[in-house]
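Chain naming here is simple, since letters A, B, ... match the order of the sequence lines and numbering starts at 1 in each.
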Amino acid sequence: MTLQQIEIFNTLTRKKEKFVPINPPFVGMYVCGPTVYSDVHLGNCRTFISFDLIYRYLVHAGYKVRYVRNITDAGHLEGDRDEGEDKFAKKAKLEQVEPMEIVQKYTLGFRDVMRMFNTLSPSIEPTATGHILEQIEMTKQIIASGLAYESNGTVYFDVEKYSQKNNYGLLSNRKLEELLEGTRELGGQDEKKGRLDFALWIKAKPEHIMRWPSPWGSGFPGWHIECSAMSTKYLGTTFDIHGGGMDLIATHHTNEIAQSQACNHCEPVKYWMHTNMLTVNGVRMSKSAGNGFLPMELFTGNHKLLEKGYSPMSVRFFMLQTHYRSTLDFSNEALQASEKGFERLMNAVNTLEKLKTSEKSSSDIKPLHAKCYSAMNDDFNSPILLAHLFDGVKIINSTHAGTETISKEDLDLLKKTFHDFVFDVLGLKEEESASNNDELANNLMNLILEIRNEAKAKKDFSTSDKIRDGLAKTKISIKDSKEGTTWELQK
RNA sequence: GGUCAGGUGGCCGAGCGGCUAGGCAGAGCUCUGCAAAAGCUCCUACAGCGGUUCAAAUCCGCUCCUGACCUCCA
């Protein structure tokens, strides 16, 4: 198929731009992944689900995407300013295990959650500890270019010197003077020369377990260098898309640009994309705020703010109903609305297979098909896409009810539209229920429904209603239609 | 304090100069033995105050409110 013309909101320019890959149809996309020292919370998941949508659409639109998402398993410190404890070491001490056991546990947990949300795996999922050499090499090159210096075993990036020839605050739209205002004065004992300088390599204290030899002694990499090193290694010195949460703009991505620029002497990224935050009662969900939801809590409903559990696909649908650059507020009501909406959409997808065709169509499917593409081409506007798909749902249900007609040709296009967008692009899927995967339940239910239909045929409605009410008490709902009676487990 | 986003109907959320999405909830009707599902119809909002315009939820100004970033966090 021909490539779709997509517009992407670029954080660099703060406006939508035509997406023109450096080397079409190939696209390189790097997304900052999780730091695996604890369970991912729902806010993290939102970002990865957003980029899953973006990845899926780019692939659907005909691009050959190399999608790289890192696993941060080293180098992050508690607290600020290159001091404090290593997060992994802290957690390991707490759980009395090796730091790498922490890494393993939460990496596997993260992948499980991503699988439940039906996200596609990245093409490459590199780890920080697997790329220590690359990070050391990059640090050496930055020192060689004169933009970093070693001080007592720690290597710092010289932000003020970098700023003489580059715009350090390019991505965050801040001036150096403004940034300097927000920092403290350096004390006499500081190793750093400048207040904004940040560490590329950090000297390990004696008790530090995760450490590697380097030209500057035994230590570990700084906070930001892993992404620069790994994106350069797998996508080149300049690549198409770099993504992450909006909270990474000011520090992490700003420093990433500076490092890559200092090392490779070119702008590392053409399009910077940032997803907005998930909020709870208007406040950002975060680990430090203690208002984080774990995916499993949401699925099971085992959380004090939840009335019930919600399935992974309902949650995915909930997130897709909001544009990735808007904040999304989390509430029982909103989740319940999404659950119902998702169900309606999936019911229509099933009904689609049963539709009978006519000579002529009473509505035109081609515009609907085109509008779905327009929605996604406009900076991946999934809420608009869903609105169009619900127009399609109405057509499907009306045709099924006999108030509309559809031709063979239009039905084929409608099916293709739904399959492409619901499954391939939005990444939604039918959720398993007892009604389609449990043979015993099926056999029992068939018998019960047969008895009920016999009662109905004899107009013995007290018996048929007794069966229906009894089933309802065990969370089984049944529906009578012209084609027969169906059943399903209530959510 | 600095920087930047927002404030849309009962709720969630698109739109961002004229055609006034969509989902959920609510009301009525059709279908049905009754339900459920589905269909049809109704409910029509853009924080406030000014201004620009033939025309503003959409542009400009002011006011109020909320949030984010500036410190680890997607």
Give a yes/no on whether any side-chain N or O of A:S331 is located under 4.0 angstrom from OP1 or OP2 of B:rC12.
no
How would you summarise protein contacts on nucleotides 3-8 of chain B per nucleotide, using B for base, S for sugar-phosphate only and - for none, with heavy-atom distances below 4.0 Å?
S-----
Below 3.5 Å, does any donor atom in the side chain of A:R46 face an acceptor in the base of B:rA74, or the other way round?
no
Give me the distance, rounded to whole Å, that separates B:rU66 from B:rU32 when you measure between the C1' atoms they each carry.
49 Å
Heavy atoms under 4.0 Å, any strand shown: does A:G402 hit a base, just sugar-phosphate, or nothing?
nothing
Between A:S462 and A:P34, which has a closest nucleotide on RNA chain B that is more 5'?
A:S462
Derivation of the side chain to side chain donor-acceptor pair (under 3.5 Å) call for A:S228 and A:S260
CA-CA 6 Å; A:S228 291; A:S260 294; 3.2 Å; yes
Return the value, rounded to whole Å, for the distance between atom CG of A:D329 and atom C1' of B:rA68.
14 Å
What's the gap between B:rA14 and B:rA74 when it is taken at their C1' atoms, as a whole Å value?
23 Å
Which whole-number value in Å describes the distance from A:K371 NZ to B:rG15 C1'?
14 Å
Please state how far atom CE in A:M277 lies from atom P in B:rC73, giving the value in whole angstrom units.
11 Å
Between B:rU44 and B:rA57 - C1' atom distance, rounded Å
13 Å
Using atom C1' of each nucleotide, how far apart are B:rA45 and B:rA25 to the nearest Å?
16 Å
Kindly write out the residues that satisfy salt bridge (Lys or Arg N to Asp or Glu O under 4.0 Å) with A:D480, not counting sequence neighbours, or none if the list is empty.
A:R452, A:K456
Aromatic ring centroids of A:F421 and A:Y373 under 6.0 Å?
yes
Same-atom distance (C1') from B:rU63 to B:rC11, integer angstrom:
28 Å
Phosphate OP1/OP2 of B:rA74 contacted by A:N44 side-chain N/O (<4.0 Å)
yes
Under 4.0 Å, counting only non-hydrogen atoms across every strand here, what does A:S286 touch: a base, just sugar-phosphate, or nothing?
base
Reckon A:G244 touches a base, only the sugar-phosphate, or nothing at all at heavy-atom distances under 4.0 Å?
sugar-phosphate
Tell me which pairs pass salt bridge (Lys or Arg N to Asp or Glu O under 4.0 Å) where either residue lies in residues 311-325 of chain A, with sequence neighbours left out.
A:D52-A:R316, A:R325-A:D379
Between the base of B:rC70 and the side chain of A:D247, is there a donor-acceptor distance below 3.5 Å?
no
Could you work out the separation of B:rC62 and B:rG2 based on their P atoms and round it to a whole Å?
14 Å
For A:H131 and A:Y234, I'd like to know if the aromatic rings sit close, meaning centre-to-centre distance below 6.0 Å.
yes
Describe the nucleic acid contact of A:V283 in one word from base, sugar-phosphate, nothing, applying a heavy-atom distance below 4.0 Å.
sugar-phosphate
Considering only side-chain heavy atoms of A:H323, which listed nucleotide, B:rC73, B:rG13, B:rA14, is closest?
B:rA14
Quick one: A:H252 NE2 to B:rU71 P, roughly how many Å, whole number?
16 Å
Supply the atom-to-atom distance A:H224 NE2 to A:C32 SG, rounded to the nearest 0.5 angstrom.
10.5 Å
Would you kindly check if the NZ (Lys) or CZ (Arg) of A:R69 is within the cone defined by 45 degrees around the ring axis of A:F48 and under 6.0 Å from the six-membered ring centre?
yes
Under 4.0 angstrom, heavy atoms only, what part of the nucleic acid is A:D480 near: base, sugar-phosphate, or nothing?
base
For a quick check of understanding: with a heavy-atom distance under 4.0 Å over all strands, which category does A:L278 fall into, base, sugar-phosphate or nothing?
base
About how many Å separate CG of A:D158 and OH of A:Y162, when rounded to the nearest 0.5 Å?
12.0 Å
Verify the stacking flag for A:F461 against B:rG33: centroid separation must be under 5.5 angstrom and the ring planes must differ by under 30 degrees.
yes
Take atom C1' in B:rC64 and the same atom in B:rG50, then report the distance between them in whole Å.
15 Å
Under the criterion salt bridge (charged side-chain N to carboxylate O under 4.0 Å, His left out), which of A:K16, A:K371, A:K18 is the partner of A:D378?
A:K16
Mind checking whether A:F299 and A:F117 have ring centres under 6.0 Å apart?
yes
In this structure, OH of A:Y106 is separated from CG of A:D73 (nearest 0.5 Å) by 14.5 Å
Cut-off 3.5 Å, no hydrogens considered: what does the side-chain donor-acceptor table look like for residues 388-396 of chain A, sequence neighbours left out?
none

So how far is it from A:F110 CZ to A:R115 CZ, rounded to the nearest 0.5 Å?
11.0 Å
Euclidean distance, A:R468 CZ relative to A:I448 CD1, rounded to 0.5 Å:
15.0 Å
In whole Å, what separates the C1' atom of B:rC46 from that of B:rC16?
11 Å
It should be established whether A:N332 places a side-chain nitrogen or oxygen under 4.0 Å from OP1 or OP2 of nucleotide B:rC12.
no
Just to be sure I understand the rule, does A:I249 reach a base, reach only the sugar-phosphate, or reach nothing, if contact means heavy atoms closer than 4.0 Å?
nothing
Any chance you could list the contact pattern along nucleotides 20-26 of chain B? Use B for base contacts, S for sugar-phosphate-only contacts and - for none, protein heavy atoms under 4.0 Å, 5' to 3'.
-BSBSS-
Between B:rG67 atom P and A:M285 atom CE, what is the distance in whole Å?
16 Å
Could you tell me how far apart A:Y324 (OH) and B:rA74 (P) are, to the nearest whole angstrom?
19 Å
Here the distance between atom C1' of B:rA68 and atom CG of A:L248, to the nearest Å, is 13 Å
Quick one: A:D465 CG to B:rU32 P, roughly how many Å, whole number?
17 Å
Nearest-nucleotide pick for A:T251, side chain only, options being B:rG33, B:rA74, B:rC70:
B:rC70
Which dot-bracket string fits RNA chain B when only Watson-Crick or G-U wobble pairs with both atom distances under 3.5 Å count, crossing pairs get [ ], and | stands for a partner on a different strand?
(((((((..(((.....[...))).(((((.......)))))....(((((..]....))))))))))))....
Reported OG1-to-CG distance for the pair A:T279 and A:D329, which is rounded to 0.5 angstrom:
3.5 Å
Determine the contact category for A:T279: base if any of its heavy atoms lies under 4.0 Å from a base atom, sugar-phosphate if only primed atoms, P, OP1 or OP2 are that close, otherwise nothing.
nothing
